[in-house]
Amino acid sequence: MRTFNISKGIKGWRTLENDVLRFRYMINAEALRKAKILTFWQKHGLSATLDAYEIKRSTLYLWKKNLVEGKGKL
């Protein structure tokens, strides 16, 4: 049985594949914002976080739950 490589002859295929793998786990600005707020919460407490950032208490707990369930992935 003969096998075929669908990417053979396509210029730039290897570069595209490498870029996809490199950017797959890149953290976006929203994830960095959430991480900053969660770190602030852990360091300064709930009331200070609610005063500093206009965010609901339930949202903080949801983000924390998602962070634990995602095993640290934002």
Side-chain angles (χ1 to χ4, degrees):
M1 182 172 169
R2 187 172 175 190
T3 58
F4 294 93
N5 185 350
I6 62 169
S7 64
K8 184 177 180 184
I10 300 174
K11 194 171 189 172
W13 179 260
R14 182 61 66 187
T15 304
L16 177 65
E17 184 181 27
N18 289 336
D19 287 347
V20 167
L21 291 174
R22 188 177 76 208
F23 293 121
R24 185 175 181 185
Y25 296 108
M26 185 176 259
I27 298 175
N28 62 16
E30 182 64 22
L32 288 175
R33 181 179 153 270
K34 288 179 182 181
K36 181 180 176 183
I37 293 172
L38 288 173
T39 304
F40 187 90
W41 179 27
Q42 183 179 10
K43 187 174 183 181
H44 299 288
L46 182 62
S47 62
T49 305
L50 296 176
D51 291 339
Y53 301 97
E54 294 180 6
I55 197 162
K56 293 182 181 180
R57 180 178 169 267
S58 60
T59 304
L60 287 172
Y61 283 104
L62 177 67
W63 288 354
K64 185 175 180 181
K65 181 184 132 204
N66 289 341
L67 188 64
V68 170
E69 288 176 356
K71 297 178 184 172
K73 284 188 179 180
L74 297 169

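- Of all the heavy atoms in Lys64 and Leu38, the pair that sits closest is N-CD2, 4.3 Å.
- In this structure, CG on Leu67 lies 10.0 Å from NZ on Lys34, to the nearest 0.5 angstrom.
- Atom CD of residue Gln42 and atom CG of residue Leu60 lie 12.5 Å apart, to the nearest 0.5 angstrom.
- Within the 4.5 Å cutoff, the side chain of Trp41 has no heavy atoms near those of the Ile37 side chain.
- The CG atom of Leu50 sits 8.5 Å away from the CZ atom of Arg57 when rounded to the nearest 0.5 Å.
- With rounding to the nearest 0.5 Å, the separation of CZ in Arg33 from CH2 in Trp63 is 4.5 Å.
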